[in-house]
Structures are given as C-alpha cells and as structure tokens.
Amino acid sequence: KKEKPSPTIPSESEIRKYASDNGYNPDFMWERAKGYIDAGMKDSQGNDVKNLKLKLNQVWFQPKYKTEEITETNNNSQLIL
C-alpha cells in the first residue's frame, strides 16, 4: 500500500494574499485556514484537507464573507458637460 504524500500547507502570508486577491478579509480567512491546520488538515467531518486553498475556496469564499468594496468617498474629479 502506497503512503499518501502529506499535503503542502501554504504559509500565513500566502493565505492572506490569496484571500485579499480574491476580495476576502485576510484575517478572517487566515483564522479559517489555521483551524484546518490546527486540526491536522482535517475538516469537520474528519476528511483529509489535501488542498487548503481549494478548501477555503469551496467552503468560505461566499458572498457573505466578501469584504465590502472600497468606494472613493472624496472624489475630486468633476464631470464637465
């Protein structure tokens, strides 16, 4: 029986950048990722988490967790008609 390779665990900075690049709060996503890491890369059902970024994407990348888009509140440009 072949032994399964252990999953590669992304660094904290990789997870934070991945979250930010996809429009999610890096602190929130790191806490979720850390939960999987602390649990030995297992999910709540006891299944192996083989790809942490994919797991975050499938479970936590939902509209309700998106950061609010930053809007420019002090726009100095004017529309000239």
Colleague: For the atom pair OG (Ser11) and OH (Tyr18), what is the distance rounded to the nearest 0.5 Å?
Modeller: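 So the OG of Ser11 and the OH of Tyr18 are separated by 14.0 Å.
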
Colleague: Could you give the distance from CG (Asn22) to CG (Leu56), rounded to the nearest 0.5 Å?
Modeller: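 Answer rounded to 0.5 Å: 10.0 Å.
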
Colleague: Take the angle between the ring planes of Tyr65 and Trp60 and call it parallel below 30°, perpendicular above 60°, tilted in between.
Modeller: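 Taking Trp60 first and then Tyr65, their aromatic rings sit tilted (interplane angle of 30° to 60°).
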
Colleague: Return the CG to CE distance between Asn51 and Met41, rounded to the nearest 0.5 Å.
Modeller: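 The CG atom of Asn51 sits 8.0 Å away from the CE atom of Met41.
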
Colleague: Leu52 and Ala33: which non-hydrogen atoms are nearest, and at how many Å?
Modeller: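 Where Leu52 meets Ala33 most closely, the heavy atoms are CD2-CB, 3.9 Å.
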
Colleague: Identify the two heavy atoms, one from Lys55 and one from Val49, that lie closest to each other, and give their separation to 0.1 Å.
Modeller: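 Closest approach of Lys55 to Val49, heavy atoms only: CB-CG1, 3.8 Å.
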
Colleague: Answer yes or no on whether Arg32 is positioned over the face of Tyr36, meaning its NZ or CZ is under 6.0 Å from the six-membered ring centre and within 45° of the axis.
Modeller: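 No, Arg32 does not sit over the ring of Tyr36.
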
Colleague: For the atom pair CG (Asn25) and CZ (Arg16), what is the distance rounded to the nearest 0.5 Å?
Modeller: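 Rounded to the nearest 0.5 Å, the CG-CZ separation comes out at 8.5 Å.
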
Colleague: How close do Ala19 and Pro26 get, heavy atom to heavy atom, and via which atoms?
Modeller: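 Taking Ala19 first and Pro26 second, the nearest heavy atoms are CB-CA, 4.0 Å.
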
Colleague: Atom OG1 of Thr8 and atom NZ of Lys50: how far apart are they, to the nearest 0.5 Å?
Modeller: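 The OG1 atom of Thr8 sits 13.5 Å away from the NZ atom of Lys50.
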
Colleague: Heavy atoms, side chains only, cut-off 4.5 Å: are Tyr24 and Asn57 in contact?
Modeller: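 Answer no - side chains too far apart.
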
Colleague: Just how far is it from atom CG of Asp38 to atom CD of Glu31, taken to the nearest 0.5 Å?
Modeller: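 It comes to 9.0 Å.
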
Colleague: Counting C-beta onward and ignoring hydrogens, is there a side-chain heavy-atom pair between Asn47 and Lys42 closer than 4.5 Å?
Modeller: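 A side-chain contact is absent here, since even the closest heavy-atom pair is not under 4.5 Å.
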
